[in-house]
There are 2 protein chains.
Amino acid sequence: MADDVFKALADPTRRRILDELTDRNGQTLFEICGRLVAKHGLGLSRQAVSQHLAVLETAGLLVTRREGRYKFHDLNTDPLEHIVTRWLGPKTSKAPQTPESTP
Amino acid sequence: MADDVFKALADPTRRRILDELTDRNGQTLFEICGRLVAKHGLGLSRQAVSQHLAVLETAGLLVTRREGRYKFHDLNTDPLEHIVTRWLGPKTSKAPQTPESTP
DNA sequence: TTGATAGGCAAGTTGCTACTTGCCTATTGT
DNA sequence: ACAATAGGCAAGTAGCAACTTGCCTATCAA
């Protein structure tokens, strides 16, 4: 569950892929490949990127849809929302929190 | 930088250690060892935990202070604050876009 | 001082993970 | 039909990371 999310985020290349999809959502494998090479100079094979996408998908950070011979990858940031609040105490409130007891 | 933080969070044992320090801050190595064994049944050597603590410290998630023969480990959640906002756009739009102009 | 406690350093092993290579299927354009 | 495009599957390799083992230093209590 959250385990897969942390594992997916552990790799810098996968974080770059998330960056690219944040910049432009719904890209294909080849588009992502091209962008990684062009913008970051990463020399990666197509399969390497494909495997990274698989990891991101099992983590729930990615949703894919197929149209013809194209497979589009859509970002899903839901798993990122509360992944870190586990260690952030109820103070340090800089996000809208429960309007319960505010001392 | 943020690279070290993600790498530190990738390991489930290290996340357990953060849990333990969230529950009780300022523990020593032996205390953390004892808690991991007692509460999670993890059979870890002292050095294993020590190395995990070193990783957490280089990631900035941990600050240590020495008193006599004791070394206390204090949690620092600052690196966790904005680690994930990078992909959380201000717009929460999850509507997939159209792909690039297909050549 | 002696022994017990708290921790550190370094080399070695094992298992996972990122990446490659090679071949295969499916869809589309001409 | 045929070739090009988009992607998938599976086995193999190299490097790293988690963990162990063994020995060492420092502090405190008796």
Side-chain angles (χ1 to χ4, degrees), chain A residues 3-21 24 26-38 40-59 61-74, chain B residues 3-18 20-21 24 26-38 40-59 61-74 96 98-103:
Chain A
D3 215 273
D4 296 322
V5 178
F6 283 115
K7 216 147 196 111
L9 293 176
D11 189 86
T13 302
R14 283 195 286 269
R15 295 197 296 271
R16 291 291 180 201
I17 292 176
L18 293 182
D19 290 339
E20 287 308 314
L21 288 174
R24 165 177 271 266
Q27 294 187 68
T28 68
L29 170 59
F30 274 69
E31 284 175 316
I32 296 169
C33 275
R35 287 197 165 213
L36 288 178
V37 174
H40 305 285
L42 297 180
L44 284 164
S45 71
R46 177 178 55 87
Q47 283 77 359
V49 179
S50 180
Q51 287 164 9
H52 282 308
L53 291 173
V55 174
L56 289 169
E57 189 173 9
T58 62
L61 292 166
L62 223 57
V63 176
T64 61
R65 66 197 143 92
R66 189 125 208 186
E67 288 179 21
R69 61 174 160 174
Y70 298 105
K71 188 180 181 186
F72 302 107
H73 300 80
D74 298 314
Chain B
D3 216 273
D4 296 322
V5 178
F6 283 114
K7 221 157 190 103
L9 293 177
D11 190 86
T13 303
R14 282 195 286 269
R15 295 198 296 273
R16 291 291 181 199
I17 292 175
L18 292 182
E20 286 309 314
L21 288 174
R24 164 173 219 183
Q27 293 187 67
T28 67
L29 170 60
F30 274 71
E31 283 175 317
I32 296 169
C33 276
R35 286 199 167 212
L36 288 178
V37 174
H40 305 285
L42 297 180
L44 285 163
S45 71
R46 177 177 55 86
Q47 283 78 359
V49 179
S50 180
Q51 287 164 8
H52 281 308
L53 291 174
V55 174
L56 290 170
E57 189 173 10
T58 62
L61 293 167
L62 222 57
V63 176
T64 60
R65 68 195 140 91
R66 189 127 208 183
E67 289 181 19
R69 61 173 159 175
Y70 298 106
K71 188 180 180 185
F72 300 106
H73 300 79
D74 298 313
T98 56
E100 263 178 18
S101 58
T102 50

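Source: prediction; values computed, not measured. Chain naming here is simple, since letters A, B, ... match the order of the sequence lines and numbering starts at 1 in each.
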Peer 1: Using a cut-off of strictly less than 4.0 Å, decide whether A:Ser45 has a side-chain nitrogen or oxygen near OP1 or OP2 of C:dT20.
Peer 2: yes
Peer 1: Given atom CG of A:Leu9 and atom P of C:dA18, what is their separation to the nearest angstrom?
Peer 2: 12 Å
Peer 1: CG/A:Leu53 to OG1/A:Thr28 distance, rounded to the nearest 0.5 angstrom?
Peer 2: 9.5 Å
Peer 1: If each of A:Arg14 and B:Phe30 is mapped to the nucleotide of DNA chain C with the nearest heavy atom, which maps nearer the 5' terminus, i.e. the 5' end?
Peer 2: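 Taking each residue's closest nucleotide, the earlier one in sequence belongs to B:Phe30.
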Peer 1: So, does B:Arg46 get its side chain near the phosphate of D:dT20, meaning an N or O under 4.0 Å from OP1 or OP2?
Peer 2: no
Peer 1: Whole Å only: how far is the CG atom of A:Asp3 from the P atom of C:dC16?
Peer 2: 14 Å
Peer 1: Run through A:Gln47, A:Arg46, A:Lys71 and flag the one making a side-chain contact (heavy atoms from CB on, under 4.5 Å) with A:Leu29.
Peer 2: A:Arg46
Peer 1: Check A:Arg15, A:His40, A:Gln27 against A:Glu20 for a side chain to side chain donor-acceptor pair (under 3.5 Å) and give me the one that passes.
Peer 2: A:His40
Peer 1: With respect to the phosphate group of C:dG8, does any side-chain polar atom (N or O) of B:Lys71 fall under 4.0 Å of OP1 or OP2?
Peer 2: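 The answer is yes; a side-chain N or O of B:Lys71 sits under 4.0 Å from OP1 or OP2.
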Peer 1: Please answer whether the main-chain N or O of B:His73 pairs with a side-chain N or O of B:Arg65 as donor and acceptor at a distance below 3.5 Å.
Peer 2: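 Flag not set: sc B:Arg65 to bb B:His73 has no pair under 3.5 Å.
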Peer 1: May I ask you to verify whether the side chain of A:Gln51 and the base of C:dT20 hold a donor-acceptor pair under 3.5 Å?
Peer 2: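 Donor-acceptor pair under 3.5 Å: yes.
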Peer 1: Using atom CZ of A:Arg65 as one end and atom C1' of D:dG7 as the other, report the distance to the nearest whole Å.
Peer 2: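 So the CZ-C1' distance, A:Arg65 to D:dG7, works out to 16 Å.
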Peer 1: Are OP1 or OP2 of D:dC16 and a side-chain N or O of B:Lys7 less than 4.0 angstrom apart?
Peer 2: no
Peer 1: Mark yes or no for a side-chain to base donor-acceptor pair under 3.5 Å between A:Gln47 and D:dG8, with no hydrogen or angle criteria applied.
Peer 2: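 It does, because a donor-acceptor pair links the side chain of A:Gln47 to the base of D:dG8 below 3.5 Å.
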Peer 1: Checking contacts here: which listed nucleotide (C:dT27, D:dT27, C:dC19) is nearest the side-chain heavy atoms of A:Arg69?
Peer 2: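 Of the options given, the side chain of A:Arg69 lies nearest C:dT27.
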Peer 1: Just wondering, do B:Leu42 and B:Val49 contact through their side chains at under 4.5 Å, heavy atoms?
Peer 2: no
Peer 1: Nearest-Å distance, CZ (B:Arg16) to P (D:dA18)?
Peer 2: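 Interatomic distance, CZ of B:Arg16 to P of D:dA18: 16 Å.
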Peer 1: For the side chain of A:Asp11, counting heavy atoms from C-beta on, which of C:dA18, D:dC19, D:dG7 is nearest?
Peer 2: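 The closest nucleotide is C:dA18.
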Peer 1: If you find the nucleotide of DNA chain D closest to B:Glu67 and the one closest to B:Leu44, which residue's nucleotide is nearer the 5' end?
Peer 2: B:Leu44
Peer 1: Taking atom C1' of D:dA6 as reference, at what distance in whole Å does atom CD of A:Glu31 sit?
Peer 2: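 From A:Glu31 CD to D:dA6 C1': 11 Å.
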Peer 1: Using a cut-off of less than 4.0 Å, is there contact between a side-chain N or O of A:Ser50 and OP1 or OP2 of D:dG7?
Peer 2: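 Answer no for this pair, as no side-chain N or O of A:Ser50 is under 4.0 Å from OP1 or OP2.
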Peer 1: Please determine whether a side-chain nitrogen or oxygen atom of B:Arg66 lies at a distance below 4.0 Å from atom OP1 or OP2 of C:dG7.
Peer 2: no
Peer 1: Rounded to whole Å, how long is the line connecting atom CG of A:Leu56 with atom P of C:dA18?
Peer 2: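 Taking CG of A:Leu56 and P of C:dA18, I get 10 Å after rounding.
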Peer 1: What is the separation between atom CG on A:Leu29 and atom C1' on D:dC9, rounded to the nearest whole Å?
Peer 2: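 Whole-Å distance recorded here is 14 Å.
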